[in-house]
Novice: 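The structure under discussion is supplied below as structure tokens; questions concerning it will follow.
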Amino acid sequence: MSKPATMRRMPLIAHVDVNCFYASAERSFDPSLEGKPVVVLSNNDGCAVTRSPEAKALGIPLGEPWFKLAPRAKEWGLVALSSNYELYGDISARVMELLGRYSAWLEVYSIDEAFLGVKGTPDELLALGRTMKTAVRRNVGVPVCVGIAATKTLAKLANKWAKNNPAFDGVCHWDSVAPADRESLMGRLSVIEIWGVATRLTKRLNVLGIHSILDLSRADPVMIRDRFSVVMMRTVLELQGTPCIPMEEERIGRDQLIFSRSFATSITTAAGMRQVLSVYGQQASARLAKHGLQAKVLTAFAGTSHFNPKDTSYPSVCVPLPMPTADPVLLTRAAHTLLPHISEGVRYARAGIMVTDLRPTGNQAPLALFENPHEERRVGTLLDDVTRRYGRGSIGLGHAGIRGGPDWTMKRDMLSPRYTTHWDELPLVKAA
DNA sequence: CTGGGGTCCT
DNA sequence: AGGACCC
């Protein structure tokens with residue numbers, strides 16, 4: 001007798017992610033951090049984006065600004081580190097390579113998370129989860145948890161449960177848990193814990209009397225689609241065990257590139273803004289060239305601080321480029337069209353540019369008439385070109401070209417070594 | 001003194 | 001174009 005369809009073993013989703021990834025990555029190379037409260041700071045040493053369990057236990061909220069933490073760091077024994085993306089990127093690649101050995105169906109979802117298509121009996125799945133967890137710990141040195149369920153949304157929820165409940169030992173197979181326990185969990189957790197639901201949607205759901213994940217899982221998907229969106233309907237169906245969010249193919253290329261920074265000291269003059277926009281133009285050019293892409297549209301923007309609600313100003317311009325280009329001269333010129341919208345004396349806390357409508361270089365067959373005279377030149381020539389056109393100091397690699405300009409460079413005062421990617425920063429191992 | 005880079009849907 | 005979400 002064949003099993004009913006619902007009993008047949010369908011492929012499931014395993015969600016694997018690294019516990020407090022940046023802090024764990026730092027720890028894997030500096031064992032002296034073990035057991036200490038550690039936070040990793042955002043760009044500019046702005047705020048705590050990752051906390052070790054000890055830092056969480058101190059009650060440090062996610063996103064807490066460093067200037068509020070700094071005065072108490074010593075008393076807490078708190079270690080703060082600037083984010084070291086080179087290190088994290090390298091560790092991430094090693095984790096993903098390892099996970100790829102356990103399933104050919106791997107979707108790298110973010111720097112520290114992956115979904116894997118998996119099959120097997122409940123016992124086999126639990127064993128697979130434990131194997132992956134142990135392997136990553138042993139081979140890469142960072143802790144992961146695993147959630148396994150019929151849908152991505154439930155797999156992420158199972159993972160969160162595994163992280164927060166030591167009884168799981170880091171691996172939760174949703175369907176192996178007693179239904180009453182699952183309902184109890186879903187009844188206790190707010191909808192804001194679900195993937196895809198944040199503060200705005202939580203408020204709107206609450207108005208309808210939907211507070212817990214259990215409430216949402218019992219809502220009528222069609223009503224949810226009508227009152228919210230297909231996205232939220234998919235979430236409801238996924239909570240009910242119906243897969244709606246498919247595994248994705250690896251994306252090649254991007255739809256947009258953004259270059260944007262907050263300034264260590266705000267910019268108050270058009271001249272200062274011109275310099276910053278020039279650097280972004282050059283960076284955009286270099287990145288587009290690296291990916292073999294050209295842009296058709298450039299948006300430039302600036303803004304005052306969100307944290308100072310008076311005299312706010314968020315000027316922006318959207319510039320269609322005359323032809324798809326990665327040329328720093330054209331990009332910089334387009335970025336400079338923001339300048340007439342910049343008011344002297346206004347304190348701009350950040351600025352940036354975004355290039356969109358990207359396409360592979362050389363995909364079009366341009367008429368010679370419209371060819372860009374700068375397109376064929378080499379980078380060195382291009383930099384000379386920009387400097388000649390816009391004046392010394394208008395552009396440069398990093399901040400080298402804007403000496404004497406405002407201090408808008410990134411603050412990274414507590415950077416750890418790039419242990420794995422730079423020979424001169426390799427960790428030293430002392431044999432006993 | 002409070003990050004930066006993305007995607008998708010309406 | 002803007003608003004929501006993600007990490």
Side-chain angles (χ1 to χ4, degrees), chain A residues 15-22 25 39-50 60-71 80-85 88-89 92 107-115 152-153 156 159-160 191-205 224-235 244-246 248-249 251 253-266 280 283-284 287 291 297 299 301 303-309 314 316-318 347 349-358 407-413:
Chain A
H15 176 252
V16 183
D17 77 359
V18 183
N19 307 349
C20 52
F21 176 53
Y22 295 173
V39 292
V40 177
L41 303 176
S42 61
N43 277 335
N44 254 335
D45 292 343
C47 54
V49 291
T50 312
I60 296 171
L62 183 61
E64 186 73 344
W66 170 238
F67 73 85
K68 288 188 183 174
L69 257 19
L81 295 163
S82 306
S83 30
N84 185 344
Y85 293 108
Y88 312 147
S92 173
E107 176 188 337
V108 177
Y109 177 67
S110 76
I111 193 164
D112 75 324
E113 286 174 77
F115 293 104
K152 285 184 166 181
T153 303
K156 285 198 67 134
N159 192 316
K160 182 174 293 206
V191 289
I192 205 167
E193 304 291 334
I194 304 171
W195 185 36
V197 179
T199 52
R200 289 4 187 303
L201 289 171
T202 295
K203 285 197 181 105
R204 288 174 57 195
L205 286 164
I224 290 291
R225 185 195 59 198
D226 293 345
R227 300 231 189 182
F228 294 87
S229 66
V230 295
V231 180
M232 182 77 85
M233 182 184 75
R234 286 198 277 258
T235 298
C244 299
I245 306 176
E248 306 244 345
E249 303 297 319
R251 290 183 75 110
R254 301 246 145 335
D255 294 346
Q256 55 177 231
L257 294 173
I258 297 177
F259 302 82
S260 135
R261 281 289 177 281
S262 293
F263 310 129
T265 308
S266 50
Y280 293 142
Q283 289 178 336
R287 189 91 69 78
H291 293 5
V297 176
T299 304
F301 53 90
T304 52
S305 170
H306 314 316
F307 299 95
N308 182 358
Y314 299 95
S316 77
V317 292
C318 182
R347 299 172 56 81
R350 53 180 270 139
I353 68 172
M354 174 168 60
V355 285
T356 50
D357 212 333
L358 308 184
D407 175 20
W408 66 287
T409 55
M410 197 173 16
K411 208 164 40 165
R412 292 209 294 181
D413 291 339

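Lettering follows sequence order; numbering is per chain, from 1. Any value given below was found using the heavy atoms of this structure, including those in side chains, with hydrogens, waters and symmetry copies removed.
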Novice: Kindly say if K156(A) contacts the phosphate of dC7(C), meaning a side-chain N or O under 4.0 Å from OP1 or OP2.
Specialist: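 Indeed, a polar side-chain atom of K156(A) lies that close.
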Novice: Across the strands shown, which category fits T356(A) at heavy-atom distances under 4.0 angstrom: base, sugar-phosphate, nothing?
Specialist: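 Counting heavy atoms under 4.0 Å across all strands, no contact is made by T356(A).
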Novice: Just N and O in the side chain of R251(A): are any of them under 4.0 Å from OP1 or OP2 of dC8(B)?
Specialist: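 Yes, R251(A) has a side-chain N/O under 4.0 Å of OP1/OP2 on dC8(B).
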Novice: Does S262(A) put a side-chain nitrogen or oxygen below 4.0 Å from OP1 or OP2 of dT2(B)?
Specialist: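 Result: no.
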Novice: Kindly point out which of dG6(B), dT10(B), dC7(C) is positioned nearest to the side chain of S229(A)?
Specialist: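 Ranking dG6(B), dT10(B), dC7(C) by closest atom to the S229(A) side chain puts dT10(B) first.
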Novice: Would you classify R234(A) as touching base, sugar-phosphate or nothing, given that sugar-phosphate means primed atoms plus P, OP1 and OP2, and contacts are heavy atoms under 4.0 Å?
Specialist: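 Sugar-phosphate only.
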Novice: For L257(A), which contact category applies under a 4.0 Å heavy-atom criterion: base, sugar-phosphate, or nothing?
Specialist: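 Contact class for L257(A): sugar-phosphate only.
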Novice: Checking the side chain of R204(A) only, and the main-chain atoms of R227(A) only, is there a donor and an acceptor separated by less than 3.5 Å?
Specialist: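 Flag set: sc R204(A) to bb R227(A) pair under 3.5 Å.
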Novice: What integer distance in Å separates D45(A):CG from dT2(B):C1'?
Specialist: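 For the pair D45(A) CG and dT2(B) C1', the rounded distance is 12 Å.
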Novice: Can you tell me the distance, in whole Å, between the CZ atom of R412(A) and the C1' atom of dG4(B)?
Specialist: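 R412(A) atom CZ is separated from dG4(B) atom C1' by 13 Å.
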Novice: Distance between the C1' atoms of dG3(B) and dC6(C), in whole angstroms?
Specialist: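 Comparing C1' positions in dG3(B) and dC6(C) gives a spacing of 15 Å.
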Novice: With a 4.0 Å cutoff (strictly under), does any side-chain N or O of R350(A) reach OP1 or OP2 of dT2(B)?
Specialist: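 R350(A) to dT2(B) OP1/OP2: no side-chain N or O under 4.0 Å.
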Novice: Check every strand shown and say whether W66(A) touches a base, only sugar-phosphate, or nothing at a heavy-atom separation below 4.0 Å.
Specialist: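 Touches nothing.
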Novice: Classify the ring geometry between W195(A) and F115(A) as parallel (under 30°), tilted (30 to 60°) or perpendicular (over 60°).
Specialist: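 Geometry flag for F115(A) against W195(A): tilted rings.
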Novice: Does any N or O in the side chain of R412(A) come within less than 3.5 Å of the main-chain N or O of S83(A), such that one atom is a donor and the other an acceptor?
Specialist: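 Between the backbone of S83(A) and the side chain of R412(A) there is a qualifying donor-acceptor contact (under 3.5 Å).
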Novice: Considering every strand and a 4.0 Å limit on heavy-atom distances, what is the contact class for R204(A): base, sugar-phosphate, or nothing?
Specialist: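 No contact.
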Novice: Considering every strand and a 4.0 Å limit on heavy-atom distances, what is the contact class for I194(A): base, sugar-phosphate, or nothing?
Specialist: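 The answer is sugar-phosphate, as I194(A) gets under 4.0 Å only of primed atoms, P, OP1 or OP2.
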Novice: Roughly how many Å is it from CZ in F301(A) to P in dG6(B), rounded to a whole number?
Specialist: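 These atoms are roughly 11 Å apart.
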Novice: Counting heavy atoms from C-beta on, name the nucleotide in dC5(C), dG3(B), dC6(C) closest to the side chain of W195(A).
Specialist: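 The listed nucleotide nearest to W195(A)'s side chain is dC6(C).
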Novice: D112(A) side chain: which of dG6(B), dC7(C), dG3(B) is closest?
Specialist: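 Per side-chain heavy atoms of D112(A), the pick is dC7(C).
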Novice: Whole Å only: how far is the CG atom of N308(A) from the C1' atom of dC1(B)?
Specialist: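 Taking CG of N308(A) and C1' of dC1(B), I get 12 Å after rounding.
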Novice: Are Y109(A) and dC7(C) stacked, counting the six-membered base ring, centres under 5.5 Å, planes under 30°?
Specialist: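 No; centroid distance or tilt outside limits.
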Novice: Counting only side-chain N and O atoms of R261(A), is one of them less than 4.0 Å from OP1 or OP2 of dG3(B)?
Specialist: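 For dG3(B), neither OP1 nor OP2 has a side-chain N or O of R261(A) closer than 4.0 Å.
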Novice: How is E64(A) classified with respect to the nucleic acid when contacts are heavy atoms under 4.0 Å: base, sugar-phosphate, or nothing?
Specialist: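 Touches nothing.
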Novice: Distance-only, no hydrogens or angles: does the T153(A) side chain make a donor-acceptor pair with backbone N or O of T235(A) under 3.5 Å?
Specialist: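 Here the side-chain-to-backbone pair does not exist.
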